[in-house]
Amino acid sequence: MLLAVPSHSFPTQEAAALRRCLYCRKPFPIEGRFPRFAHGRRVAYDPGRGRLWAICDGCQRWTLWPLPDRGETLEALERLVRDRGHAVARTAHVTLVEADDLAILRVGDAGLAEQAWWRYGRELRRRRTAFESATTRISAYLYGAVAAVGEHAGLELDLPIAWDHMPVVDILRWRHFGWAAWVGRTRCPNCNSVLRAIRFDLSWWLYPLPAEDDALVLGVPCSRCDPWTPDKGYRLRGTDAEYVLRRALAYQHVMGASDRRLAVAARVIERAGSPGAFVRDVGVHGVSLRRLGPTRTVALEIALNDTVERRMLEMEVKGLEAEWRREERLAAIIDRELEPPFPPPTPTG
C-alpha cells in the first residue's frame with residue numbers, strides 16, 4: 001500500500017513556492033543560492049538516484065524536493081562539493097562535507113581527498129590575525145592595567161605578567177584560560193604524592209604517552225620525585241588526557257600560527273598517514289611538549305582536535321545515515337507516485 005502524501009507536499013507551481021519544512025512548517029532561511037531551492041544550513045543529495053532534500057534547522061527532518069526542479073541544483077551541489085568541499089566524516093553510504101557555510105550530506109561515494117586538518121589550521125590562522133590586531137593589544141594592556149591595580153588593592157589574581165617581554169601574550173592567556181589546565185586528584189605511582197591541579201605555565205612539560213586501549217595517556221612530571229624520570233609521574237587517561245592536552249596546546253598557541261608553520265605542520269601530519277596516526281606517533285616517543293618544538297605542537301593541536309571531532313562526527317553521521325534510510329524509503333514511494341504510469345506515446349510522422 002502506498003503511503004499517503006500530504007497535499008502540501010508538492011505544490012503545483014515551481015519549487016520556489018516550497019519554502020517551509022513539510023513537518024514543522026518552519027521557513028527555510030536560505031533562498032537564491034541555488035535555483036528554485038530554499039534550504040537551511042544543511043542539505044542532502046543523492047547524485048546516483050537524483051534526489052535532493054532540504055534539512056530543517058529546527059526539527060532536523062528531511063524535505064524531499066519535487067522531481068522537476070532537482071537537476072540544476074544537483075549539478076550545482078556536485079560542483080560545490082568537488083571544487084570547495086572538505087570531507088569531515090563518512091560512513092559506507094553517507095559523506096558529511098563542509099563547503100563554504102554549508103554542511104552537505106552526499107549519499108554515495110563522494111571520492112574526496114581527506115583534508116580534515118584544514119578547519120583547525122583556519123582557526124590558528126584566525127588567532128594569529130586577531131593577536132596582531134591593534135584592538136587586541138590595546139584591550140590586553142587595559143585588562144592588564146586593571147589587573148595590576150587590583151593586585152595592588154589586595155586582590156589575589158595569580159596573573160604572572162612579564163612586562164619586559166611580550167606582556168600581551170601573558171595577559172591574553174590569563175584572560176582566556178585562567179591559571180589551571182586541570183583540577184582534580186590523582187596519585188604518583190612512584191612516591192604516592194597527590195596531584196590536585198596542573199598549572200598552565202608549567203604545561204610545556206606535559207608529555208603524551210603510548211595509548212592504552214586506544215585511549216590517550218598524558219604524563220605529568222612529579223615534582224617530589226628526585227631525580228625525575230619519565231616513569232616517575234602522574235597519569236591522566238582517556239577524556240581527561242584529551243581535555244587537558246587540548247587546553248594546554250590552545251594556551252600555548254594563543255598567538256596562532258603563521259601560514260608557513262601551518263603548511264609545514266600539515267605536511268608532518270600527512271607524512272604520518274592521518275591525524276590519529278600522528279597523535280599515536282607522538283605518544284610513542286614520550287617527549288614533552290617543549291621538546292616537540294613549535295611546529296610539531298601546532299601539528300599536534302590540529303591532529304588531536306581533528307581526532308576528537310571526527311569521533312563525534314562519526315557518531316552524528318551514523319544517526320544521519322539511519323535518518324537517510326528512512327527518508328530514502330519515503331522518497332522511493334513518493335517518486336513512484338509522481339512518475340507517469342506509462343511512457344509518453346512516440347510521435348508519429
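If you read the sequence from its start, that first residue is 1, and numbering goes on from there. Side chains included, hydrogens not; waters and symmetry mates left out as well; all remaining heavy atoms used.
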Partner of His39 by ring pair (Phe, Tyr, Trp, His ring centres under 6.0 Å), out of Trp65, Phe34, Trp62: Phe34
Stepwise side-chain contact (heavy atoms from CB on, under 4.5 Å) test for Leu206 and Val220: CA-CA 5 Å; Leu206 300 176; Val220 184; 3.7 Å; yes
Set of residues satisfying side chain to side chain donor-acceptor pair (under 3.5 Å) with respect to Arg271, sequence neighbours excluded: none
Nearest-0.5 Å distance, [atom1] of residue [X] to [atom2] of residue [Y]:
{"X": "Thr73", "Y": "Leu80", "atom1": "OG1", "atom2": "CG", "answer": "12.0 Å"}
{"X": "Trp204", "Y": "Gln252", "atom1": "CH2", "atom2": "CD", "answer": "4.5 Å"}
{"X": "Arg246", "Y": "Glu301", "atom1": "CZ", "atom2": "CD", "answer": "9.0 Å"}
{"X": "Leu105", "Y": "Arg42", "atom1": "CG", "atom2": "CZ", "answer": "6.0 Å"}
{"X": "Arg33", "Y": "Leu77", "atom1": "CZ", "atom2": "CG", "answer": "9.0 Å"}
{"X": "Leu236", "Y": "Leu195", "atom1": "CG", "atom2": "CG", "answer": "7.0 Å"}

Where at least one partner belongs to residues 51-60, residue pairs that pass salt bridge (Lys or Arg N to Asp or Glu O under 4.0 Å), sequence neighbours excluded: Arg51-Glu328, Arg51-Asp335
Salt bridge (Lys or Arg N to Asp or Glu O under 4.0 Å) contacts touching residues 274-295 (sequence neighbours left out): none
[X] versus [Y], closest heavy-atom pair with distance:
{"X": "Cys59", "Y": "Cys24", "answer": "SG-SG, 3.7 Å"}
{"X": "Ile30", "Y": "Arg41", "answer": "CD1-N, 4.5 Å"}
{"X": "Thr63", "Y": "Cys21", "answer": "OG1-CA, 3.8 Å"}
{"X": "Cys188", "Y": "Gly233", "answer": "SG-N, 4.2 Å"}
{"X": "Pro47", "Y": "Arg106", "answer": "CG-NH2, 3.4 Å"}
{"X": "Pro208", "Y": "Val282", "answer": "CG-CG1, 3.9 Å"}

Partner set under ring-ring contact (aromatic ring centres under 6.0 Å, His included) for Trp182, not counting sequence neighbours: none
Results of ring-ring contact (aromatic ring centres under 6.0 Å, His included) for Phe28 - residues two or more places apart only: none
Steps toward side-chain contact (heavy atoms from CB on, under 4.5 Å) verdict (Thr95, Val81): CA-CA 11 Å; Thr95 301; Val81 167; over 6 Å; no
Are the side chains of [Y] and [X] in contact, using a 4.5 Å heavy-atom criterion?
{"X": "Leu330", "Y": "Leu64", "value": "no"}
{"X": "Trp179", "Y": "Asp201", "value": "no"}
{"X": "Arg224", "Y": "Lys232", "value": "no"}

Other residues, nucleotides, ligands: >12 heavy atoms within 6.0 Å of Asp213 CG: no
Trp205 atom CH2, neighbour heavy-atom count above 12 within 6.0 Å: no
CA sep, side-chain torsions, deciding dist, call: Ile302, Val298, side-chain contact (heavy atoms from CB on, under 4.5 Å): CA-CA 6 Å; Ile302 294 172; Val298 167; 4.1 Å; yes
Pairwise side chain to side chain donor-acceptor pair (under 3.5 Å) hits with a residue in residues 233-245, at least two apart: Ser193-Tyr234, Tyr207-Arg235, Glu212-Arg237, Glu242-Arg311
